[in-house]
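Heavy-atom basis, side chains included; hydrogens, waters and symmetry copies ignored. Sequence lines set the chain letters: A, B, ... in the order given, protein chains first and strands last, and positions in each chain run from 1.
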There are 2 protein chains.
Amino acid sequence: MQVREKGRIVKPHGTRRGRGRPRAFDRAAALAKAMDVFWAKGYDGASLAELTDAMGINPPSLYAAFGSKEALFLEAVRIYSAREGGPDWDAVLDASSAREGIARLLEESAIAFTQRGKPRGCMIALGALHDTGENTSVCAKLRACRAENLAKLRQRLERAVAEGEIPGTVDCDAVASFYLSVQHGMSILARDGASRTTLLAVARAAMDAWTSLTSPRTGEHDAGADVRPKRGR
Amino acid sequence: MQVREKGRIVKPHGTRRGRGRPRAFDRAAALAKAMDVFWAKGYDGASLAELTDAMGINPPSLYAAFGSKEALFLEAVRIYSAREGGPDWDAVLDASSAREGIARLLEESAIAFTQRGKPRGCMIALGALHDTGENTSVCAKLRACRAENLAKLRQRLERAVAEGEIPGTVDCDAVASFYLSVQHGMSILARDGASRTTLLAVARAAMDAWTSLTSPRTGEHDAGADVRPKRGR
DNA sequence: GAATTTTTGTAGCTATTGATATAAAATCAT
DNA sequence: ATGATTTTATATCAATAGCTACAAAAATTC
């Protein structure tokens with residue numbers, strides 16, 4: 001369990017132990033507390049004072065154990081994606097059908113976004129939406145997470161095409177974008193106080209589009225829904 | 001055109017003119033510039049330095065003309081809702097049918113969220129999602145705007161019920177929440193770089209759920225989509 | 001032109017931001 | 001026990017946050 005390798009730090013921060021004074025706090029517990037603060041306030045909105053207060057430690061301990069506010073946030077995102085927070089995308093999407101996988105994803109999201117005693121909505125979706133110049137890497141990280149989720153949806157749909165669940169005429173990228181859009185929107189609804197029942201209804205409504213979205217005829221659109229944009233550019 | 005009435009300020013700030021040195025900048029143009037900064041960076045992410053720089057004025061001029069950063073933001077939200085930015089909800093929803101109204105709303109949103117030279121996504125949806133204690137009133141204002149939009153959607157659906165367009169068994173609140181969720185999610189997709197084409201496809205996909213959502217049988221759900229939540233609480 | 005009123009730019013205010021220097025305290029290795 | 005090592009708490013750093021005091025400048029009114 002060596003810490004360094006060829007002079008480069010392998011493990012992030014504060015993972016090595018041994019000789020000196022032992023750490024007086026539980027690193028994992030402190031990280032979990034920090035995650036809650038970031039989840040509730042976002043990356044920029046969470047101040048060091050709030051973080052250290054919630055974690056029950058002082059700034060030097062935070063920096064010794066995690067490196068920086070940014071590194072702490074990235075670790076918080078990691079455990080959020082893995083354990084707490086949103087659903088396990090891989091596990092949920094691995095259902096026997098794409099339809100059931102996506103339905104479960106939305107329902108698990110509705111549940112995760114309305115946990116009692118936890119911040120509402122998704123930390124990945126809401127954690128850092130505005131690039132201020134200082135949080136650029138954090139914004140990029142979350143954006144990459146969302147892009148990865150979009151890819152997982154698209155790949156699951158492509159697998160459904162390959163398995164014959166849905167026809168090959170389906171625009172997997174568009175359908176994936178639609179369901180990701182619903183999932184993201186649910187985060188904002190949850191932030192605004194929407195109940196779990198409401199979010200589950202939203203999830204169910206989104207699945208009502210499944211049959212139409214995956215019907216053979218795609219690429220042509222029915223008349224009557226024609227709209228001419230007014231403020232187009 | 002009096003400014004004060006019974007000692008209370010009627011017009012916000014900087015609207016009165018007359019005797020002293022004339023203002024050297026265009027208040028409306030400066031407000032438009034400020035709106036762009038708030039739109040791109042959010043309320044907290046937009047610093048006074050960025051605002052004054054974009055507006056081409058100094059801090060004292062900003063405070064004399066607008067009162068405070070918060071008041072400036074609220075004015076920016078007002079003109080965003082009225083002219084720039086998102087679609088005119090009242091006008092768009094006043095289509096001959098609820099279906100067409102909502103379809104147009106989503107399409108106009110897709111267009112508004114991907115304007116060249118403008119920040120991506122919706123200022124109302126993304127402007128201030130995290131309550132940090134200092135921005136509470138701003139968060140509440142945007143939340144109220146979103147709640148108002150939800151109400152407009154619901155009322156348009158209720159009108160559709162009254163007019164016989166859709167059956168009375170439709171859960172107007174759930175359907176409204178669904179479409180608002182899609183609209184909000186489109187803002188995040190736009191922030192992540194989704195093209196106008198993609199957002200229009202999302203809008204169309206959402207409308208594919210219309211027939212199912214507004215079919216007579218509601219309240220009962222088809223089997224096969226049964227899901228048992230794993231991490232429920 | 002003189003008095004009044006308002007805006008302008010400079011410069012600076014207090015508070016808070018993320019991040020550290022320092023030395024005492026607590027452990028392991030010898 | 002002694003020395004080496006690491007964490008602790010206090011106090012503080014420079015930078016920036018939102019905001020304002022001040023006096024010169026530019027207009028109206030008398």
Side-chain angles (χ1 to χ4, degrees), chain A residues 1 3-4 9 11 13-27 29-30 34 37-38 41-76 128 130 132-138, chain B residues 1-4 9 11 13-27 29-30 34 37-38 41-74 76 128 130 132-138:
Chain A
M1 192 185 286
V3 184
R4 289 162 181 279
I9 297 176
K11 294 194 176 182
H13 261 95
T15 315
R16 75 273 178 233
R17 310 304 305 279
R19 275 185 281 284
R21 174 173 175 173
R23 184 177 290 136
F25 63 95
D26 183 345
R27 189 180 190 277
V37 176
F38 280 131
K41 306 277 194 116
Y43 175 73
D44 299 290
S47 68
L48 256 296
E50 285 173 313
L51 288 166
T52 54
D53 187 58
M55 299 164 85
I57 62 178
N58 297 108
S61 298
L62 189 154
Y63 281 87
F66 299 99
S68 67
K69 182 188 177 185
E70 176 181 327
L72 175 62
F73 180 79
L74 294 180
E75 273 203 67
H130 300 291
T132 65
E134 296 179 12
N135 61 4
T136 301
S137 61
V138 163
Chain B
M1 192 185 286
Q2 63 227 16
V3 183
R4 290 161 182 280
I9 297 178
K11 294 196 176 180
H13 261 96
T15 314
R16 73 277 178 231
R17 311 303 305 279
R19 275 186 280 284
R21 173 173 175 173
R23 184 177 290 137
F25 63 94
D26 183 344
R27 189 180 189 276
V37 175
F38 280 130
K41 305 277 194 118
Y43 176 72
D44 298 290
S47 68
L48 254 297
E50 286 173 313
L51 288 167
T52 54
D53 187 58
M55 299 165 84
I57 60 177
N58 297 107
S61 298
L62 188 154
Y63 281 86
F66 299 100
S68 66
K69 182 188 177 186
E70 176 182 327
L72 175 62
F73 180 79
L74 294 180
H130 301 291
T132 65
E134 297 178 13
N135 61 5
T136 302
S137 60
V138 163

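- To the nearest 0.5 Å, the span separating CD on A:Glu134 from CG on A:Asp44 amounts to 8.0 Å.
- B:Ile57 places its CD1 atom 11 Å from the C1' atom of C:dT8, with the value rounded to the nearest Å.
- Interface remark: the A:Arg19 side chain does not form any donor-acceptor pair with the D:dA4 base, using a distance-only criterion of under 3.5 Å.
- Of the side-chain N and O atoms in B:Tyr63, none sit less than 4.0 angstrom from OP1 or OP2 of D:dT20.
- Atom pair B:Lys69:NZ and D:dT20:P shows a separation of 14 Å (rounding to whole Å applied).
- Going from atom CZ of A:Arg23 over to atom P of D:dT5 covers 18 Å, rounded to whole Å.
- A:Met55 places none of its side-chain heavy atoms less than 4.5 Å from the side chain of A:Glu50.
- Set against D:dT8, D:dA26, C:dT8, the side chain of B:Phe25 has C:dT8 as its closest nucleotide.
- The distance between atom CG of A:Leu72 and atom P of C:dG18, rounded to the nearest whole Å, is 11 Å.
- Between the P atom of C:dG9 and the CZ atom of B:Arg21 lies a distance of 7 Å, rounded to the nearest Å.
- Separating the CG atom of A:Asn135 from the P atom of C:dT17 is a distance of 16 Å, rounded to the nearest angstrom.
- Picking from D:dT8, C:dA26, C:dT8 the nucleotide with the shortest atom distance to the side chain of A:Pro22 gives C:dA26.
- Rounded to whole Å, atom C1' of D:dG18 lies 16 Å from atom CZ of B:Phe66.
- Mapped onto DNA chain D by nearest heavy atom, B:Glu70 and A:Glu134 fall at different nucleotides, with A:Glu134 at the one closer to the 5' end.
- Atoms CG (A:Leu62) and P (D:dT8) sit 11 Å apart, rounded to a whole Å.
- Applying the side chain to side chain contact (heavy atoms under 4.5 Å, CB included) rule to B:Ser68 yields the partners B:Tyr63, B:Glu70, B:Ala71; only residues at least two apart in sequence or on another chain are considered.
- When the side-chain nitrogen and oxygen atoms of A:Asn58 are compared with OP1 and OP2 of D:dT8, none of them lie within a distance under 4.0 Å.
- Between A:Glu75 and A:Arg27, at least one side-chain nitrogen of the basic residue sits less than 4.0 Å from a carboxylate oxygen of the acidic one, meeting the salt-bridge criterion.
- Checking D:dT28, C:dT17, C:dT8 against the side-chain heavy atoms of B:Ser61 singles out C:dT8 as nearest.
- When each of B:Asp44 and B:Gly20 is assigned the nucleotide of DNA chain D with its nearest heavy atom, B:Asp44 is the one assigned upstream, toward the 5' end.
- Side-chain atoms of B:Leu48 lie closest to D:dG18 of the nucleotides C:dA26, D:dG18, C:dA19.
- In this pair, B:Phe38 and B:Tyr43 present their aromatic rings parallel. The plane angle is below 30°, not in the 30 to 60° band.
- Along DNA chain C, the nucleotide nearest B:Gly56 and the nucleotide nearest A:Pro59 are compared for position; the residue whose nucleotide lies closer to the 5' end is B:Gly56.
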